[in-house]
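Worksheet: the structure to be examined is printed underneath.
Note that the structure is a prediction, hence the values are computed from the model and not measured. In what follows, chains are A, B, ... by sequence order, proteins preceding strands, each numbered from 1.
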Amino acid sequence: MKENSEHEDSFFAKVYAVARLIPYGRVTSYGAIAEYLGTKGSARMVGWAMNSSHSQKLQVPAHRVVNRTGMLSGKHHFGGSNLMQELLESEGIKIEDDQIQDFDAVFWNPMKELY
DNA sequence: TTGCTGACCGACG
DNA sequence: CCGTCGGCCAGCA
């Protein structure tokens, strides 16, 4: 009976849940989320989930998720040329050449902030 | 069903 | 420092 594609417990759903917990003005990495979910090796899936985040009813702050170097690797997926950067800058985050400045200062680690 | 892709990460030379 | 490769696994033609 079921074969429902709407597995609320799916990996994707968990990724969205964590992403929504990212505080305003903070960012995290795909790998950090993956590690928090217990699938560190599947960091790519986190990025893939973000690609489908637009399909979610609830808004997902995908712009607050970047790669481990703090580079806006997903900016091209936000439509526009630098929408992602503008969103982050509007939250007080400094960015230069697609690279977040003081990345360590604004980094939000779910492993440390959540239980 | 098989094969390729991908918003990543870590290791290696 | 830089380029390349393997692993991870869900979605799609």
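- Within the 4.0 angstrom heavy-atom criterion, only backbone atoms of the sugar-phosphate kind lie near A:N67; the bases stay farther away.
- For DNA chain C, the span of nucleotides reached by chain A at under 4.0 Å from its heavy atoms goes, 5' to 3', from C:dG7 to C:dG11.
- Residues meeting the ring pair (Phe, Tyr, Trp, His ring centres under 6.0 Å) test with A:F107, sequence neighbours left out: A:F103.
- By the criterion of side-chain heavy atoms lying less than 4.5 angstrom apart, applied directly or through intervening Ile, Leu, Val, Met, Phe, Trp or Tyr residues, A:Y36 is grouped together with A:V60 in one hydrophobic cluster.
- Rounded to whole Å, the P atom of C:dC5 lies 16 Å from the corresponding atom of B:dC4.
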Which side-chain N or O atoms in residues 19-30 of chain A pair as donor and acceptor under 3.5 Å with protein atoms at least two apart or in another chain?
| residue | atom | partner | partner atom | Å |
| --- | --- | --- | --- | --- |
| A:Y24 | OH | A:S90 | O | 3.0 |
| A:T28 | OG1 | A:W108 | O | 2.9 |
| A:S29 | OG | A:A32 | N | 3.1 |
| A:Y30 | OH | A:V65 | O | 3.2 |

Side-chain atoms of residues 73-80 of chain A: list all donor-acceptor pairs with protein atoms under 3.5 Å, sequence neighbours left out, distances to 0.1 Å.
| residue | atom | partner | partner atom | Å |
| --- | --- | --- | --- | --- |
| A:K75 | NZ | A:S81 | O | 3.4 |
| A:K75 | NZ | A:D98 | OD1 | 3.1 |

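- The salt bridge (charged side-chain N to carboxylate O under 4.0 Å, His left out) test applied to A:R68 returns no partner, not counting sequence neighbours.
- Among the protein residues, A:F78 comes within range of the nucleic acid bases, having at least one heavy atom under 4.0 Å from a base atom.
- Annotation: of the two residues near DNA chain C, A:R44 and A:S52, the 5′-most nearest-nucleotide partner is A:R44.
- For A:E113, the CD atom counts as densely surrounded, since its 6.0 Å shell holds more than 12 non-hydrogen atoms of other residues, nucleotides or ligands.
- Taking the 5' to 3' direction, DNA chain B first and last meets chain A under 4.0 angstrom from a heavy atom at B:dG6 to B:dG10.
- The main-chain N or O of A:T69 is found under 3.5 Å from a side-chain atom of A:Q99 such that the two form a donor-acceptor pair.
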Check your understanding: Stepwise, does the side chain to side chain contact (heavy atoms under 4.5 Å, CB included) test hold for A:K94 with A:D102?
Key -> CA-CA 8 Å; A:K94 304 296 186 296; A:D102 294 318; 5.7 Å; no
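- Note on A:A34: nothing from the nucleic acid sits closer than 4.0 angstrom, heavy atoms only.
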